[in-house]
Visitor: 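Input: one structure, supplied below.
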Amino acid sequence: VSQSRYGCTFWFQNPHTHEGKKHLLRTHTSTIQVRGMLSKKPPFRFIAPGVVFRCERTDASHEMVFTQLEGMMVGKDISVANLIYFMKTILKEIFKRDVEVRLRPGFFPFVEPGLEFAIEKPAALGGKPGEWLEMLGCGMIHPNVLSEAGIDPQKYRGFAWGGGVERLVMLKYGIEDLRHFEAAKLSFLRKFAADIVTGK
């Protein structure tokens with residue numbers, strides 16, 4: 001296990017080889033974005049889901065294994081306004097209502113500027129006035145990242161974003177503890193299934 005400013009990671013030694021190489025369980029789905037940029041020509045857009053692994057202490061809002069969802073859009077004249085519109089639209093579809101959003105500067109190594117994207121938790125979802133909930137990290141793709149993928153940053157721009165799926169599910173269905181997903185409690189599973197069927 002190693003730790004950096006981006007969180008703890010799992011490293012494993014392969015017992016079947018003698019090369020001395022360590023294997024890393026991915027902490028982000030950003031590798032999918034890299035493969036996407038290398039295999040596509042702009043303009044393009046895609047969403048990349050996947051399971052990620054982080055050596056973190058499990059609590060009500062953190063888990064070591066969870067599903068991350070990332071996406072990016074690259075084209076001409078892409079701006080932060082396109083990013084905000086996209087995120088507000090996707091959240092409206094998920095929560096079936098408009099949500100107030102807030103962006104503040106955040107450091108993410110592959111975007112500039114980097115932004116932390118938060119929503120004002122709606123009262124209908126258990127929120128109180130002025131209660132903000134960070135949903136994901138996002139930003140404009142750094143020109144050096146575009147260049148390394150063979151994309152001309154003078155001609156094209158883009159945005160990227162990424163966040164945990166489980167937190168969206170928790171907010172949408174009023175689940176107070178992330179650990180319920182892995183606890184295999186029949187009482188929770190029955191209630192969760194019943195809420196989905198009834199549309200609560």
Side-chain angles (χ1 to χ4, degrees), residues 4-7 26-50 52 54 61-62 66-172:
S4 71
R5 66 178 297 170
Y6 310 113
R26 66 179 179 188
T27 55
H28 298 273
T29 48
S30 302
T31 52
I32 303 174
Q33 292 189 19
V34 173
R35 289 196 295 271
M37 285 190 290
L38 291 173
S39 64
K40 298 179 181 295
K41 294 186 180 297
F44 60 78
R45 59 186 182 271
F46 58 83
I47 290 177
V52 296
R54 297 182 190 173
S61 59
H62 295 86
F66 60 95
T67 305
Q68 192 166 48
L69 189 66
E70 297 200 18
M72 69 166 35
M73 176 182 283
V74 175
K76 294 181 179 178
D77 302 319
I78 301 294
S79 68
V80 174
N82 297 113
L83 168 62
I84 295 172
Y85 175 80
F86 174 82
M87 294 312 308
K88 290 188 74 170
T89 300
I90 196 171
L91 290 172
K92 181 178 180 179
E93 288 298 314
I94 291 171
F95 298 123
K96 304 303 180 188
R97 56 176 56 85
D98 288 315
V99 293
E100 294 296 321
V101 302
R102 179 178 72 180
L103 286 87
R104 62 182 182 181
F107 175 75
F108 303 101
F110 307 114
V111 293
E112 180 61 41
L115 303 164
E116 294 177 355
F117 194 95
I119 67 168
E120 187 172 30
K121 192 173 178 182
L125 299 175
K128 300 174 182 176
E131 182 180 2
W132 293 91
L133 182 65
E134 183 182 342
M135 299 302 296
L136 49 85
C138 57
M140 300 300 294
I141 303 170
H142 198 290
N144 291 344
V145 173
L146 294 173
S147 295
E148 287 296 317
I151 300 170
D152 184 357
Q154 299 298 320
K155 187 175 181 181
Y156 297 103
R157 299 189 64 193
F159 64 79
W161 55 272
V165 173
E166 286 83 353
R167 286 190 181 177
L168 289 171
V169 174
M170 288 175 68
L171 184 58
K172 180 176 177 66

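All heavy atoms count here, side chains included; hydrogens, waters and symmetry mates do not. Please read these numbers as outputs of a predicted model, since none were measured by experiment.
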Visitor: Counting only heavy atoms not in Phe110, do more than 12 fall under 6.0 Å of its CZ?
Guide: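 Count not over threshold, so no.
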
Visitor: Would you check if Val145 and Gln33 make a side-chain contact, meaning some heavy-atom pair closer than 4.5 Å?
Guide: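 No, too far: nothing below the 4.5 Å cut-off.
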
Visitor: Quick one, Ile32 and Glu70 - any side-chain contact, counting heavy atoms below 4.5 Å?
Guide: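 Not in contact.
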
Visitor: State, yes or no, whether a side-chain contact exists between Leu168 and Phe95 at a heavy-atom distance under 4.5 Å.
Guide: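 They are in side-chain contact.
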
Visitor: If I compare all heavy atoms of Gly162 with all of Leu136, which pair ends up nearest, and what's the gap?
Guide: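 Looks like O-CB, 3.0 Å.
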
Visitor: What are the two closest heavy atoms between Leu83 and Cys138, and how far apart are they?
Guide: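 Nearest heavy atoms, Leu83 then Cys138: CD2-SG, 3.8 Å.
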
Visitor: With a 4.5 Å limit on heavy-atom distance, are the side chains of Met135 and Leu171 in contact?
Guide: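 Yes, their side chains come closer than 4.5 Å.
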
Visitor: Can any side-chain N or O of Glu166 pair as donor or acceptor with the backbone N or O of Thr67 at less than 3.5 Å?
Guide: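 Yes; judged by distance alone, with no hydrogens or angles, the pair exists.
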
Visitor: Which heavy atom of Ile94 sits nearest a heavy atom of Lys172, and at what distance?
Guide: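 Closest heavy-atom pair between Ile94 and Lys172: O-NZ, 2.6 Å.
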
Visitor: Please report the interatomic distance CG(Leu115) to CE(Met87), rounded to the nearest 0.5 Å.
Guide: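 These two atoms lie 11.5 Å from each other.
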
Visitor: Any donor and acceptor pair, going by atom type alone, linking the side chain of Gln68 with main-chain N or O of Thr29 inside 3.5 Å?
Guide: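 A pair under 3.5 Å: yes.
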
Visitor: So, taking the atom named CE in Met73 and the one named CH2 in Trp161, what distance separates them when rounded to the nearest 0.5 Å?
Guide: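 Result: 11.0 Å between the selected atoms.
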
Visitor: When you measure from the side chain of Glu120 to the backbone of Gly130, do you find a donor-acceptor pair of N or O atoms at a distance under 3.5 Å?
Guide: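 Yes, because the side chain of Glu120 sits within donor-acceptor range (under 3.5 Å) of the backbone of Gly130.
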
Visitor: For Glu134, I'd like to know if atom CD has over 12 heavy atoms of other residues, nucleotides or ligands within 6.0 Å.
Guide: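 Check passes, neighbour count above 12.
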
Visitor: Ignoring hydrogens and angles, tell me if any N or O in the side chain of Arg104 forms a donor-acceptor pair with the backbone of Glu116 under 3.5 Å.
Guide: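 Side chain of Arg104 to backbone of Glu116, a donor-acceptor pair under 3.5 Å: no, none is there.
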
Visitor: Could you pull out the closest heavy-atom pair between Pro42 and Val74, with the gap in Å?
Guide: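 That closest heavy-atom pairing would be CB-CG1, 4.0 Å.
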
Visitor: For the atom pair OG1 (Thr89) and CD1 (Ile84), what is the distance rounded to the nearest 0.5 Å?
Guide: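 Output value for this atom pair is 11.5 Å.
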
Visitor: Do the non-hydrogen side-chain atoms of Arg54 and His28 ever get within less than 4.5 Å of each other?
Guide: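 A side-chain contact under 4.5 Å exists here.
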
Visitor: Can you name the closest pair of heavy atoms from Leu69 and Pro49 and give their distance?
Guide: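 The answer is CD1-CB, 3.6 Å.
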
Visitor: Which heavy-atom pair separates Leu38 from Ala149 by the least distance, and what is that distance?
Guide: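 So the minimum-distance heavy-atom pair works out to CD2-CA, 3.8 Å.
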
Visitor: Atom CE of Met72 and atom CE of Met140: how far apart are they, to the nearest 0.5 Å?
Guide: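 Interatomic distance, Met72 CE to Met140 CE, rounded to 0.5 Å: 11.0 Å.
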
Visitor: How about Arg45: does its CZ atom have over 12 heavy atoms from other parts shown lying under 6.0 Å from it?
Guide: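 Result for CZ/Arg45: open.
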
Visitor: How long is the span from the CG atom in Leu133 to the CZ atom in Phe117, to the nearest 0.5 Å?
Guide: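 Reported to 0.5 Å precision, the distance equals 11.5 Å.
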
Visitor: Does the side chain of Asp77 come within less than 4.5 Å of Asn82's, by heavy atoms?
Guide: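 Asn82 vs Asp77: side chains apart.
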
Visitor: Counting N and O atoms only, with roles assigned by atom type, does the side chain of Lys88 sit under 3.5 Å from a partner on the main chain of Val101, one being a donor and the other an acceptor?
Guide: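 Looks like no, no N/O pair under 3.5 Å.
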
Visitor: Does some side-chain heavy atom of Lys76 sit less than 4.5 Å from a side-chain heavy atom of Tyr156?
Guide: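 Yes, close enough: below the 4.5 Å cut-off.
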
Visitor: Would you give the length of the straight line joining atom CD of Glu93 to atom CG of Leu91, rounded to the nearest 0.5 angstrom?
Guide: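 Rounded to the nearest 0.5 Å, the CD-CG separation comes out at 10.5 Å.
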
Visitor: Within the 4.5 Å heavy-atom criterion, are Val52 and Phe66 side-chain neighbours or not?
Guide: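 With C-beta onward as the side chain, the pair touches.
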
